[in-house]
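Every chain is numbered from 1 and lettered A, B, ... according to where its sequence line falls, protein lines coming before strand lines. In this text the structure is predicted, and so the values were computed from the model without any measurement.
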Number of protein chains: 2
Amino acid sequence: MQLDFTTFSLPLFATATETADSSLVLAAVLLSMVVIYLASKVGGELSNRFGLPPVLGELVAGVVVGISVLHLLVFPEGGADSSNSLIMTFLQTTGGLNPAAADAVFKTQSEVISVLSELGVIILLFEIGLESNIKDLVAVGVQASVVAVVGVVVPFTAGTVGLMAFFGIPAVPAIFAGAALTATSIGITSKVLSELGRLNSKEGQIILGAAVIDDVLGIIVLAVVASLAKEGSVDVGKVIYLIISASSFLVGAIVLGNVFSNTFVAIAKKLKTRGGLVIPALIFAFVMAYFAAAIQLEAILGSFAAGLVLDETDERVELQKQVLPIADILVPIFFVTVGAKTDLGVLNPAIPSNQEGLVMAVFLIIIAILGKVVTGFSVFGQPQINRLAIGVGMIPRGEVGLVFLGIGSSIGILSKPLEAAIIMMVILTTFIAPPLLRLVFPEPTTATAIQEMLLDNSSGKSLVIESPDSQDDK
Amino acid sequence: MQLDFTTFSLPLFATATETADSSLVLAAVLLSMVVIYLASKVGGELSNRFGLPPVLGELVAGVVVGISVLHLLVFPEGGADSSNSLIMTFLQTTGGLNPAAADAVFKTQSEVISVLSELGVIILLFEIGLESNIKDLVAVGVQASVVAVVGVVVPFTAGTVGLMAFFGIPAVPAIFAGAALTATSIGITSKVLSELGRLNSKEGQIILGAAVIDDVLGIIVLAVVASLAKEGSVDVGKVIYLIISASSFLVGAIVLGNVFSNTFVAIAKKLKTRGGLVIPALIFAFVMAYFAAAIQLEAILGSFAAGLVLDETDERVELQKQVLPIADILVPIFFVTVGAKTDLGVLNPAIPSNQEGLVMAVFLIIIAILGKVVTGFSVFGQPQINRLAIGVGMIPRGEVGLVFLGIGSSIGILSKPLEAAIIMMVILTTFIAPPLLRLVFPEPTTATAIQEMLLDNSSGKSLVIESPDSQDDK
């Protein structure tokens, strides 16, 4: 049956503009989700076949469907409009999307997918929090702090000084680029650790703790350099406020945890309708995420803290089980979107403005990798520890690096080549970390797994060994 | 520690408009979700304590937090702007939301929540499809068709003729109002049936089948009256197209089911990474939802068909288990949003324009209830069946009734009092159906439950008795 869609294109809604928009937005979102899910599964499975972490495949698949290659999933941030989006073109030819309305539908669809991807990383960090243990994190607190501080100071100093000395970059943009080198993407690192089954190893806990501290340090560094760039001076009051609020939030969350966890269990036990456990848990996670964002930290730190607190309750195991499929459908949206927003065009050496950037990029990438790898060797009192793994785990800049870049661009202090060099540094560190981590962190042997299981049971903690196959309980 | 949020309001993002927007949109969405989840749990639990279906409590709680009472969750469709939204006011005083940017953030936040609520009802119908059985539905196909046709013809005729005879309404708006009386909200009805543990009873299957057919009939009726209202004549070609496409879609989905279900299981078994079952299932559900929307049916019919097809596979039980928490977090967004968008202002008799509407509303409500209750008595060859329950199950107009209203308003053929009367009819039938259904459908006795279990097992179908407590496996 050959149907002519263009003639019959949604005639019912032709006059009802608002209804037409919302039904077309829904159609566009549904198609985007199908593209994201297909990309995440094809990428993740292929990556897994080659012995690489699935999340790397999801990122690469995101690049393939995104602005760099197929243009199926594009976002207005990069200057794209509806004519750049294949999904919008498809809707215009088959779904009766009016070209005049296309830009509005495109913008709304992009915003919905962006929010879904942000909810994805919030849920990811909530799940990572649920899988982590406050005591384990506190036990490695001093080592994690040293790793975090070294991982901020070394790349920042080397990057800033190098850019000024070798490339003649003025002080303020050089300081900004140096600051962008300090970030660590807790999302990418924790996901890879989880996929390798190493989240609860000593190395995993140090990396996770350092990444959390690094996120907080990064926000403070960003505040300092942003006010330096904008006003030429540093607002000391603001820096003190950020340090106090960040520390209070993290310590407060942990202290509050012991009080709140009992109340939470008592409430959840009283609820008799569907979602009686997972809805209160999400309310808590979203409130904490909101608070973290409100005091100028990142929302994901809030949901991570919420996960840590709820991990202390009796409902831990049941909650982990219920959050699993929710994370399964939301987290891939985040990784595919990060890939889709990555414009590999900056890597094209045929474009003259890229050439200067490429040279700076090589320098920044070397500093970015070495500056984090050395952090592993700053760990003391742990002779048996895999120092290389810790350093490698701190490499990916991911979405945090992109936030630095976004602020820098908006202030207008970065030259085009320097901006391109920072993007390349972010892309390369993000994509190289998962396979490198896989390399320095071989699959746990059966002996190690059993040892971990015994350790876990002896501490009264349920066994959660995360490996690509562990959820495969079909 | 007394913090002055206004002074320190997101200073980092002050110059980065795009970043500021997206972080404020996220904050607004997080707050809205917290409001929705709190409302759904408080409403659902209270309703359950009073022996009423939880979904009624979610709807009422939605009304309380929505445009009618608290103004926490408002939407631009009703003419509200950011100054009507308490969440926006809250963000302006605490989160550093710039009044100039408030309208944009409000609009985006509303669109995100609307899309999430539409995804919620898509997942709800997918879950209902997974809980239903094609064979059971086909077995009651003839009865369901009779119920659906009677439930369209009786209210339509009585409503149109009555409005013309008693109220002197011209033919075209009377026909439109009559058409609005034909809808049945499959979302509300199926959710209540599921909560009462009656989805798989014979009555439940007839109601579900009739509601599906009614949805299709309703779309055809809407096409007819809309073209009548706009052009003064009926586009016969369009009506024939709709009838053919709707029938082909539903029959095609069921036939395809037997072919596709094996392919699906084969693919899902090969996937080794996380979400290997639920992601392919959602891809299928979203593709079907998109196709249904593209051929001018409703997206929810597509996801229902996808659920029916996947219910035929071996992965049924595992898939139901994984979809459960996903539905738990998405479905309440739909019901609370429906409540929040309901403006009870039309019920205020102190406003003169409401008085004429109130009289018409009483008439429409009587027709709306009686016109559907009689459908139960059209069921033949089933002496033991609960005829009243079937009729009551068809009463709620819900979101489908609101679609009719939206189209009618946009064409501009409805007078203000008639429009108010239709809104009142939709509100009352939607809110009265859950408690009425509870009344005519007492809790299944243990004997019935055992009998159903034996029947279920003998047909090789796993036991799924849905009751408010059945998911409560903490």
* To do: Identify which part of B/Val278 has an atom lying under 4.5 Å from any heavy atom of chain A, answering side chain, backbone, both or neither.
  => side chain

* Which atoms form the tightest heavy-atom contact between B/Ala27 and B/Leu91, and what is the distance? -> CB-CD2, 4.1 Å

* Structure fact -> By ring-ring contact (aromatic ring centres under 6.0 Å, His included), B/Phe284 pairs with (sequence neighbours left out) B/Phe260

* To do: Measure A/Ile329 against the heavy atoms of chain B and call it side chain, backbone, both or neither at under 4.5 Å.
  => both

* Asked: Using non-hydrogen atoms only, which part of A/Ala289 is less than 4.5 Å away from chain B: side chain, backbone, both, or neither?
  -> both

* Quick one: what part of A/Leu116 sits under 4.5 Å from any heavy atom of chain B, side chain, backbone, both or neither? -> side chain

* To do: Against chain A, label B/Ile283 side chain, backbone, both or neither, depending on which of its atoms sit under 4.5 Å from a heavy atom there.
  => both

* Structure fact -> Scored by heavy-atom pairs under 4.5 Å with chain B, the best of A/Val112, A/Ile326, A/Thr108 is A/Ile326

* Only counting residues at least two apart or in another chain, list the ones meeting salt bridge (charged side-chain N to carboxylate O under 4.0 Å, His left out) with A/Glu111. => A/Lys107

* Asked: Which heavy atom of B/Val336 sits nearest a heavy atom of B/Ser40, and at what distance?
  -> CG2-CB, 3.8 Å

* Asked: Among A/Ile279, A/Val34, A/Val287, which has the most heavy-atom pairs under 4.5 Å with chain B?
  -> A/Ile279

* Structure fact -> From the list B/Val29, B/Leu31, B/Leu30, side-chain contact (heavy atoms from CB on, under 4.5 Å) partner of B/Ile87 resolves to B/Leu31

* **Which atoms of A/Ile122 approach chain B - backbone, side chain, both or neither, heavy atom under 4.5 Å** => side chain

* Check the angle between the aromatic planes of B/Tyr37 and A/Phe286 and answer parallel, tilted or perpendicular using the 30° and 60° thresholds. => parallel

